[in-house]
Participant: 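Mind looking over this structure? Questions follow.
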Amino acid sequence: MTDFDLLITDWYRQNKRDLPWRNTNDPYKIWLSEIIMQQTRVEQGLSYYIKFINAYPSVFELANASEQDVLNHWQGLGYYSRARNLHFTAKTIATEKKGIFPKTYKELLELKGIGTYSAAAIASFSYKEPVAVVDGNVYRVLSRVFDLSIPIDSSQGKKYFFELAQNLITLKEPDVFNQAIMEFGALQCTPTNPNCNSCPLSINCLSLAEGTIKLRPVKSKKTKVTDRYFHFMVFNSNGNTYLEKRLQKDIWLNLYQFPLVESNDNAEISNWEKYTLSKPIKVSSEIKHILSHQRIHAKFYHFSEEPLTVDSNWKKIKLSEIQDYPLPRLIDRYLENE
DNA sequence: AATCCGGGGTG
DNA sequence: CACCCAGGATT
């Protein structure tokens with residue numbers, strides 16, 4: 001197809017949403033929006049973007065914040081390594097680079113938390129470098145238009161789609177092309193029930209002609225989910241409780257939770273070993289919390305006495321100040337419903 | 001190359 | 001329940 005770029009950019013000019021990070025060339029704002037939006041729908045990430053811009057108007061405010069403050073603002077969005085890397089890179093930019101972002105795809109790639117997609121997005125949106133973005137939308141659009149069955153989660157597939165997109169991108173307005181193909185995937189060429197009836201590419205869409213729309217894109221792997229059983233100790237005496245900071249290489253790194261004992265099944269814990277000898281005054285029913293690779297079965301056990309011993313990563317806090325700490329959604333939701 | 005890392009929405 | 005979302009780091 002010779003005029004893919006024209007068709008897609010024309011569609012974009014008529015159908016694009018008005019999003020705050022589209023009205024700027026500021027690499028800080030572009031970068032922040034791209035990190036927040038990774039694996040996240042615009043409707044979910046938008047309020048976080050606004051919150052971050054208000055709290056940290058420039059890379060210097062972000063660099064000078066504590067990691068806990070950054071994680072607090074990130075709370076509930078998930079994939080918390082994004083927030084930790086965001087903060088790490090802000091400090092790199094503020095100190096080593098005096099607040100000036102790198103201006104090329106190649107240099108941007110060297111920053112922590114910035115991969116091929118984000119580097120291409122920042123380089124094209126801020127500096128009009130003609131390097132193609134390849135995100136979930138782009139995989140879907142291209143695999144359908146060209147009816148490609150090569151798996152998008154293979155190394156070969158990733159390389160193939162990047163080169164294809166790179167061959168299609170316009171040199172005049174690479175930023176518009178990149179925005180256009182992603183917006184087209186998000187609004188028109190959607191995962192289920194794409195709007196092929198009113199699609200400017202339907203005449204050229206090989207997958208539509210072959211009847212393979214529902215099969216595209218192809219993924220070869222399926223994620224396997226493991227079950228975990230969490231038992232949280234909710235201490236409450238005189239309005240105080242204990243939180244523990246998660247320091248292991250595991251989910252929710254550097255977030256806080258009620259002190260946890262993990263077991264192999266959902267049987268109620270009766271022996272809390274060194275932590276307490278008393279019986280809980282209340283035990284919640286099992287709460288299921290779904291992550292991409294884990295199914296967590298959680299129970300909350302309430303104790304009205306102080307623990308017998310306190311681990312080094314525990315912190316005694318006022319229950320009324322618990323929201324000063326970044327909490328996994330599981331904990332936050334339990335507090336909401338309690 | 002394979003696996004891990006959240007949370008929410010959809011059919 | 002399975003799949004997807006403005007992906008990246010680690011092993």
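Remember, it's a predicted structure, so these values are computed and weren't measured experimentally. So that the names make sense, note that chain A is the first sequence line, chain B the second, and so on, each numbered from 1.
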Participant: Residues from residues 24-37 of chain A sitting under 4.0 Å of DNA chain C, heavy atoms only?
Facilitator: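 Of all residues in residues 24-37 of chain A, the ones placing a heavy atom under 4.0 Å from DNA chain C are A/Glu34, A/Met37.
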
Participant: Under 3.5 Å, which donor-acceptor pairs do the side chains of residues 166-175 of chain A form with other protein atoms, sequence neighbours left out?
Facilitator:
{"from": "A/Gln166", "atom 1": "OE1", "to": "A/Ala132", "atom 2": "N", "distance (Å)": "2.7"}
{"from": "A/Gln166", "atom 1": "NE2", "to": "A/Pro130", "atom 2": "O", "distance (Å)": "2.7"}
{"from": "A/Asn167", "atom 1": "ND2", "to": "A/Glu163", "atom 2": "O", "distance (Å)": "3.2"}
{"from": "A/Thr170", "atom 1": "OG1", "to": "A/Glu173", "atom 2": "O", "distance (Å)": "3.2"}
{"from": "A/Glu173", "atom 1": "OE1", "to": "A/Arg13", "atom 2": "NH2", "distance (Å)": "2.9"}
{"from": "A/Asp175", "atom 1": "OD2", "to": "A/Lys128", "atom 2": "NZ", "distance (Å)": "2.6"}

Participant: Got a sec, which pairs hit salt bridge (Lys or Arg N to Asp or Glu O under 4.0 Å) with one end in residues 324-337 of chain A, sequence neighbours left out?
Facilitator: A/Arg329-A/Asp332, A/Arg329-A/Glu336

Participant: Applying ring pair (Phe, Tyr, Trp, His ring centres under 6.0 Å), can you list everything that pairs with A/Tyr49, at least two apart in sequence or on another chain?
Facilitator: A/Trp21

Participant: Would you mind writing out the side-chain donor-acceptor pairs for residues 189-198 of chain A within the sub-3.5 Å range, not counting sequence neighbours?
Facilitator:
{"from": "A/Thr190", "atom 1": "OG1", "to": "A/Thr192", "atom 2": "O", "distance (Å)": "3.2"}
{"from": "A/Thr190", "atom 1": "OG1", "to": "A/Asn193", "atom 2": "O", "distance (Å)": "3.3"}
{"from": "A/Asn195", "atom 1": "OD1", "to": "A/Ser198", "atom 2": "OG", "distance (Å)": "3.4"}
{"from": "A/Asn195", "atom 1": "ND2", "to": "A/Ser198", "atom 2": "OG", "distance (Å)": "3.1"}

Participant: Suppose we screen for ring pair (Phe, Tyr, Trp, His ring centres under 6.0 Å). Which residues come up paired with A/Tyr256, at least two apart in sequence or across chains?
Facilitator: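 Here the qualifying residues are A/Tyr325.
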
Participant: Between C/dA6 and B/dT3, how far is it from one C1' atom to the other, in whole Å?
Facilitator: 23 Å

Participant: Give one of base, sugar-phosphate or nothing for A/Trp21, where a contact means two heavy atoms less than 4.0 Å apart.
Facilitator: base

Participant: Answer with base, sugar-phosphate or nothing: what part of the nucleic acid does A/Thr116 contact at a heavy-atom distance below 4.0 Å?
Facilitator: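 Sugar-phosphate, backbone atoms only, no base.
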
Participant: Who are the ring pair (Phe, Tyr, Trp, His ring centres under 6.0 Å) partners of A/His73, not counting sequence neighbours?
Facilitator: A/Phe52, A/Tyr56

Participant: Within the 4.0 Å heavy-atom criterion, would you say A/Ser154 contacts the bases, only the backbone, or no part of the nucleic acid?
Facilitator: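 The answer is nothing, as A/Ser154 stays clear of every strand by at least 4.0 Å.
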
Participant: Can you check side-chain hydrogen bond (donor to acceptor under 3.5 Å, both in side chains) on A/Asn238 and A/Asn240, steps first, answer last?
Facilitator: CA-CA 5 Å; A/Asn238 301 321; A/Asn240 296 315; over 6 Å; no

Participant: Of all residues at least two apart in sequence or in a different chain, which pass the side-chain hydrogen bond (donor to acceptor under 3.5 Å, both in side chains) check with A/Tyr139?
Facilitator: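 If we apply the side-chain hydrogen bond (donor to acceptor under 3.5 Å, both in side chains) test to A/Tyr139, skipping adjacent residues, there are no hits.
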
Participant: Mapping A/Arg17 and A/Ile114 onto DNA chain C by nearest heavy atom, which one lands closer to the 5' end?
Facilitator: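 Taking each residue's closest nucleotide, the earlier one in sequence belongs to A/Arg17.
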
Participant: Using a cut-off of 4.0 Å between protein heavy atoms and nucleotide atoms, how would you tag nucleotides 4-11 of chain B 5' to 3' with B, S and -?
Facilitator: BBBBB--S

Participant: Can you list everything that forms a side chain to side chain contact (heavy atoms under 4.5 Å, CB included) with A/Ile50? Sequence neighbours excluded, please.
Facilitator: A/Leu46, A/Asn54

Participant: Over all strands shown, is A/Lys222 touching base, sugar-phosphate only, or nothing at heavy-atom distances under 4.0 angstrom?
Facilitator: nothing

Participant: Do you know which two heavy atoms are closest between A/Ser126 and A/Ile30, and how far apart they sit?
Facilitator: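 Smallest heavy-atom distance, with atoms named: OG-CG1, 3.4 Å.
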
Participant: For a 4.0 angstrom threshold against heavy atoms of chain A, report the outermost contacting nucleotides of DNA chain C in 5' to 3' order.
Facilitator: C/dC4 to C/dT11

Participant: Using the P atom as the point on both nucleotides, what is the distance between C/dT10 and B/dG6, in whole Å?
Facilitator: 14 Å

Participant: Side-chain donor-acceptor contacts of residues 266-274 of chain A below 3.5 Å, not counting sequence neighbours, with atom names and distances?
Facilitator:
{"from": "A/Asn266", "atom 1": "ND2", "to": "A/Glu286", "atom 2": "OE1", "distance (Å)": "3.1"}
{"from": "A/Asn271", "atom 1": "OD1", "to": "A/Glu273", "atom 2": "N", "distance (Å)": "2.8"}
{"from": "A/Lys274", "atom 1": "NZ", "to": "A/Asp311", "atom 2": "OD1", "distance (Å)": "3.4"}

